[in-house]
Amino acid sequence: MEYDFQAIEKRWKAQWKSTDAYRVEEDPNRTKYYVLDMFPYPSGAGLHVGHPLGYIASDVFARYKRHQGFNVLHPMGYDSFGLPAEQYAIQTGQHPAITTETNIKRYREQLEQLGFCYDWSREVRTSDPKYYRWTQWIFSQLFESWYDIAADRARPISELVQALESAGLHEIKPSCDAKWWENLPLEIRVKWGEGFTGDLKSSQWLDASEDEKSQILMQFRLAYLADSEVNWCSALGTVLANDEVKDGLSERGGHPVQRKRMRQWIMRISAYAKRLLDDLETLDWTESIKEAQRNWIGQSQGAEVQFDIAETNHKLDVFTTRPDTIYGVSFMVLAPEHPLVLEITSPAHQESINQYQHAASLKSERERQGAGDQSVTGCDTGAFALHPMTGKKLPIWIADYVLAGYGTGAIMAVPAGDERDWKFAKNFGLDIPAIFDGKDTAESVFTEKTAKLCNSESLNGLSGQKAIPIAISMLEAKGVGSKQINYRLRDAVFSRQRYWGEPFPVCYENEIPRLVQSEQVTLPDVDAYLPTEDGEPPLARAKREAWNVFEGDRMEFNTMPGWAGSSWYFLRYMDPGNETVFCSREKSDYWGQVDLYIGGAEHTTGHLLYSRFWTKFLFDHDWIGFNEPFKQMINQGMILGRSSFVYRIQGTNQFVTFERRKEFQTQRLHVDISFVDGDTLDTEAFKNWRADYADAKFILGEDGSYTCGFEVEKMSKSKFNVQTPDDLVERYGADTLRCYEMFLGPLTQHKPWDTKGISGVHNFLRKTHRLFAQADEGTPDEKSLRILHKTIKKVSDDLNRHAFNTVISALMIGVNELLDSKGHQKELLQPLAILLSPVAPHLAEELWEVSGGIDSVMDAAWPESHDKWLVSDRVTYPVSFNGKVRFQLELDATMNAKEVEDAAIQHEKTAAQIEGKTIRKVIVVPGRIINIVIG
RNA sequence: GCCUGGAUGGUGGAAUUGGUAGACACGACAGACUUAAAAUCUGUUGACCCGAAGGGUCGUGCGGGUUCAAGUCCCGCUCCGGGUACCA
């Protein structure tokens, strides 16, 4: 009987559906295992062959764990808010919900086609109000929380209020901006006086009005409203990401983009910087991803130093990692946006400063940070700072290499010891004080901490490493500085000026925000998915009646970013239908962390950081019992496309085959890979492709066919190299596609997609089918048993280390050898069907039945290999001379090293190798190798 | 620049702890079956040299090194992919 994959796959899919085979429930008697794929965005194009790679791997692993008796949670859902649907809505007026629904339907069909063992009853969609209700709830909780630095965790804002009422800010330290009071309106600060430095008294708090209290609390909330610099594009009425801006213009449309301060919701992720950094140690992720997160969080240790500004009362704070070089400071540099610039610039410099600030505001953050061009720019303010130790006057400049958002937005420049400062000093002719003994820093910068300091008073003679703590205590003693740990990690902007996202459960009264708690806020209908004419987000178009709940003067017009819904979705899968909590504690205690997370590496610093942050927040409130979401993660590589090309002779409609293309002047054109089999073009299909090719002529090769050229590149529609799984599933079946994607190579590596090899894998399944067709009740011989147990061991070991590609080879070898040894007894075939089941589940069910298995193969216990069948009593040793293998020697496995050595030396072929030379040494690794050193 | 992953036959790749490099598969070639083709099956297939069997030399991006033994470890490079960037 032929391997009729279509009938087999149809039959078992129906069977699984009718028995609800993938339904999982909590079961206290079994150990859980949670396998998760990264949340897909359901795009209109559907899945291409690159997508399922990770899904197949996780599915294989989930099935393997199920065989091992684990209670496996393996869910799937959709990150269904997002820009493409909104873009489509702008163009067509179709509600994004409709587009999204259509796309999800297509995704679902494709996913089901591949036979994944998802428990679809747990499916979630971020755009479903029943889901985003809880995203909104988590936002509310962040709004209602502050971060207690001493306790190192989030706490309810009510506890902060209590503390403020009884003792002010004296005894507690909330995470906040270093000078949080400067964000408050002047009226409040006036009441507290000039010298206010953050030590809020309970009397001052009790004295404040309700509005004022709300504004003060805003400085400490974990979700807070503040002004933040954004790339504003007024033509598009929206904010753009750094990489959507090119040369000061929007990438789409080429409209001018300007840096602008906008009031936005922000997440105080910086409060969690240290924990996010430290807890990386507990994760089984690749070192490269962990390292990238470390760099992103960017902890640096150093000191904050205060400089007085000459002839004013202003003070300038800077952060430095090199307080030891304090005597090398020769000027100061502020970010162009630094609030002090306005106040200190001398009238003579005012105009050039204004110009420079304007120019800087037109640059994107990326451009400011140099992307490519290393030219040094800056502008003198005409003001001077006073050196805290020497009192020397130091000119204050502004330059765009100093970023407002990092540290204090100002630096003390030490040209002798810092690359950028040195270049800046050289460029503008500023002093470069020599502070390193024996280093000529007028000629080149010296950035290491190894040289002994000079011209540095009490620090003289010390190396930088030793001088740092001494310099800090010196600064502390003088009251002009203190030890400080700084993080590069910035608070995350949480507002988007878009329609298709979660609405905030927030309304405004006198522009003071408060939570809407009477009812869930759902997305209102709008007449268009565009910003309003005065640049308000699309939600500002919603009429009052369009909101299902309307409180205060107005509702919040922003929506939440894409990462909101995806930061906690792994929790919702545990308890998808719960209408009273986001996930019951009982269920999250049972399912716990994701044991294995599979997805691309492109989410390294976005999703993977934010979901860690939210997990820690939920943990702080004891709503879940673990503080990291994803225990182990594997990042799959990208699947690249294989493009095919035809060669058109210039100026004609004639196409020349690949081998002969050099004989003519040709243009290389992409051709749709669906007309190409191997590299051979279906010329008829090609002619029917497009009208202008209808009368194409071909110069063929010797074999009478047209051969295409090829190249490996990213899969994309415009390159006509996109392979969808659909037609492959139709031609070969889902099991073949699953096996083939696994067989292609290591999961984590990038690899070209090439269907050439798929027939080999398909062939393997056919051979397997053929082997089982001969199933009988006999007793297997020893040879076959050895093959089986070798295969069990190899497949199990490889699955354990996620080497899915070699799992397939091992199965191929096993099947080939069993066909050879006539090992078709049911006793052998049943375990073999189980081994096959994770990778080719449909065929495995069929074969399980054929070989007399009971119930579904999915729940059959994973076979164990027995040493009895693995160890052999004979060993074939390679015998090498000076490392070169010369012959094989079969010996008894029980022989010890000395006996093996003697046997090797006495062997007749050894004599021929020695030939006059003497044996210097013999190395025997029992069971492995013999090496005889001669000379 | 920095961080990070990689480079092995014509192709995808295997070699898990330093121990027989090239498993498995594709492709190619040859053969069987066939009137023929397709399909299927069998064999050969890293390069080079001598040859009847058999044997030898070279060989894992490049140059060094450690070792009885290196694709694997160390030092120095080249190229390709990804991330990131004047982060004080």
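As the structure is a prediction and not an experimental result, all values here were calculated from the model.
Which of B:U20, B:C41, B:A25 sits closest to the side chain of A:Met812 comes down to B:A25.
Residue A:Arg886 is in sugar-phosphate contact alone, with no base atom involved, counting any heavy-atom pair closer than 4.0 Å across all strands shown. Contacts of A:Asn816 with the nucleic acid, taken as non-hydrogen atoms under 4.0 Å apart, involve only primed sugar atoms and P, OP1 or OP2. Contacts of A:Val933 with the nucleic acid, taken as non-hydrogen atoms under 4.0 Å apart, involve only primed sugar atoms and P, OP1 or OP2. Residue-level contact check: A:Asn805 touches the backbone only, with heavy atoms under 4.0 Å from sugar-phosphate atoms and none from bases. Note on A:Asp418: nothing from the nucleic acid sits closer than 4.0 angstrom, heavy atoms only. Nucleic acid contact for A:Arg420: base, since at least one base atom lies under 4.0 Å from a heavy atom of the residue. Among the atoms of the strands shown, base atoms are found under 4.0 Å from some heavy atom of A:Ser809. A:Phe764 comes within 4.0 angstrom of nothing in the nucleic acid, heavy atoms only.
In this structure, A:Phe5 has its ring center no closer than 6.0 Å to that of A:His769. Taking the six-membered ring for Trp, A:Trp397 and A:Phe428 have ring centres closer than 6.0 Å. Aromatic pair A:Tyr740/A:Trp753: centroids less than 6.0 angstrom apart.
The existence of a salt bridge linking A:Glu741 and A:Lys751 is excluded, since no basic side-chain nitrogen approaches an acidic carboxylate oxygen closer than 4.0 Å.
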Pairs: protein N or O with nucleotides 42-45 of chain B N or O, under 3.5 Å:
none

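Remark: side-chain polar atoms of A:Asp735 are paired, donor with acceptor, to backbone N or O of A:Leu843 under 3.5 angstrom. A donor-acceptor pair under 3.5 Å is formed between the side chain of A:Ser880 and the backbone N or O of A:Ile930.
One donor-acceptor pair, N or O on each side, does fall under 3.5 Å between the base of B:U16 and the side chain of A:Lys794.
Spacing between B:U72 and B:U16 at atom P, rounded to whole Å, works out to 12 Å.
Proximity of A:Val333 to A:Tyr401: side-chain heavy atoms (C-beta onward) are separated by under 4.5 Å at one or more points. Contact annotation: the side chain of A:Met742 approaches that of A:Leu53 to within less than 4.5 Å [non-hydrogen atoms, C-beta and beyond].
With rounding to whole Å, A:Lys921 atom NZ is found 9 Å from B:A69 atom P. The separation between A:Trp397 atom CH2 and B:A88 atom P is 23 Å, rounded to whole Å. Rounded to an integer number of Å, the gap from CG of A:Leu608 to P of B:U84 is 13 Å.
In this structure, A:Val885 and A:Ile932 both approach RNA chain B, and ranking their closest nucleotides by distance from the 5' end singles out A:Val885.
By the 6.0 Å contact criterion, CZ on A:Arg928 is open, its count of non-hydrogen atoms from other residues, nucleotides or ligands being 12 or less.
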message: Base contacts versus sugar-phosphate-only contacts with protein, heavy atoms under 4.0 Å: please encode nucleotides 48-54 of chain B as B, S and - from 5' to 3'.
response: -------
